Amino acid sequence: MSATPNIKLPVYLDYQATTPMDPRALELMLPFFTETYGNPHSRSHSFGWEAEEAVEKARAQVASLIGAVPKEIVFTSGATESNNLALKGVSRFYKDRRDEIVTVVTEHKCVLDACRHLEQEEGMKVTYLPVETNGLLDLDKLRAAVNERTAIVSVMAVNNEIGVIQPMVEIGKICRENGAFFHTDAAQAAGKIELDVNAMNIDLMSISGHKLYGPKGIGALYVRRKPRVRLQAMINGGGQERGMRSGTLSPALCVGFGAACALCEAEMGKDNEHIRRLADRLHTGLTERLDDVVLNGDQDQRFPGNLNLSFSFVEGESLMMGMRDVAVSSGSACTSASLEPSYVLRALGVEEEMAHTSIRMGIGRMTTESEIDYVIETIVEHVNKLRAMSPLWEMAQDGIDLKSVEWSEH
Amino acid sequence: MAYSEKLIEHFENPRNIGSMDKASSDVGTGLVGAPACGDVMKLQIKVNDEGIIEDAKFKTFGCGSAIASSSLVTEWVKGKTLDEAGEIKNTEIAQHLALPPVKIHCSVLAEDAIKAAISDYRTKAEEAGSGGDRELVSEQAAE
Ligand SMILES: Cc1ncc(COP(=O)(O)O)c(C=O)c1O
């Protein structure tokens, strides 16, 4: 491999897993650990007031990013908690009148698992809608599933594995027509694409700090006030966060999260231009030099910072293991205990053999052009090396239809 | 996942990648696994007149552990008789490469690949029916 000036290895291309903190946000949060360390819920002295002021400013920054008002923002520990609070909180509050949930098979594990729990333990009826081969929801199927018993419809805005953007406006409309609340897991969307809770009729939205260059361990749940969405709290205690989520807030985390949201709002155009340019460079750089590379998920309705590519005839984990200086994630779930490839790719109808060859590359604010060039070189080198030792590649080159082969399943 | 040095070494410098003429009478080919399961191994052995494996080649589609396992067995089978090679156990492969529990199936596949290659060679030899070979085959089959 050629010398690589001006980049630090390994190259981080896993922005869906988490993002580095923006140093500007970090700087603002640090004093809240050591100097301004008051409890924001202390009402009797200036330590408390200062902390409270900072927390409220952060709340306003989060709200502003999604077109909400500050009172509609509940701080949580992250999107996992927000998703749980939205689904369980709404279900438990409304279940006498509305005992159904509609969600989608490609949702994040925490949504699916919370739904599974409500279904098995709390008598909710859950409909898991399929997606089309581009990863998008068929709105007619949604329309058919939502009815006067539907308490909540939960559809993620941007998918974490393939980056596709669901039709938020249309989904919001269908929910509103049926009097069902629309919850969206926007962990991968907030700060990356334009979101407006009013234009999209969103009633609840989950956000995570560490996916938008803020700190880990904090997130938010947007809860609409007009018309009001009511929740049964999961965590009881001192009644903080308007009773929806008790516990002392961490002003430092709130400040870092709020500042990160403000930066995303101010710089979204610039960020997206940067990300799109690098994603295009990576995608073309790879497809120009390698055959049989397939982009998973819709080609247009997507957040460009998520490139999920299948490199036919090369198993994804071996590719990741070869590229030791590039941090990506694999759609081949071979790394986990199960040998099943990604359930998201399978839901798109991606054949298992192709799902095993997929790699997710995440590009973000801090990604540089030299890093992308390095990654292109590395991937091309390793895909070629692995194809040279792939019996499937050899058979394909010999014109053998791999589907006609009788494989010995094991 | 933390892999052993031996495993990484085999993965980064795999031995005996390649293909031999499948149609040749002294070559046995084993193709095991399935693309849908995420691993396919092709192992080929070349057997001399004395029934010794002279050469071995592999091609593998699979994770790093699968590639390392196949690379390792090409080294191990060389110089062995068919019977000796047939005795290689997946547990030895797994132990040598210190495969983590979720990767044990890779060593099983490698063992299957050896067995399949041997069996392919023997079937061919039987069909060819040349005297010497046949005796060798039946002798081994009797064990
Ligand atoms: C779509 C989606 N939802 C939820 C989560 C969980 O977020 P958090 O780590 O903030 O709990 C993630 C991140 O893994 C995600 O990508």
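Proteins come first, then strands; the chains are lettered A, B, ... in the order of their sequence lines, and each starts at number 1. Quantities reported herein were computed from a predicted structural model and do not represent experimental measurements.
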**Study point:** Derivation of the side-chain hydrogen bond (donor to acceptor under 3.5 Å, both in side chains) call for A/K211 and A/N160
**Key:** CA-CA 10 Å; A/K211 312 279 187 187; A/N160 50 303; over 6 Å; no
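Of the atoms belonging to A/E406, not a single heavy atom falls under 4.5 Å from chain B. For chain B, the nearby part of A/R324 is the side chain; its heavy atoms alone come within less than 4.5 Å. Contacts between B/P14 and chain A at a heavy-atom distance below 4.5 Å involve the side chain alone, from C-beta outward.
In summary, B/K22 and B/D120 do not engage in a salt bridge, as defined by a charged side-chain N under 4.0 Å from a carboxylate O.
For B/Q95, the CD atom is loosely surrounded, since the number of other residues' heavy atoms within 6.0 Å does not exceed 12.
Rounding to the nearest 0.5 Å places CH2 of B/W76 at 8.5 Å from CD1 of B/I114.
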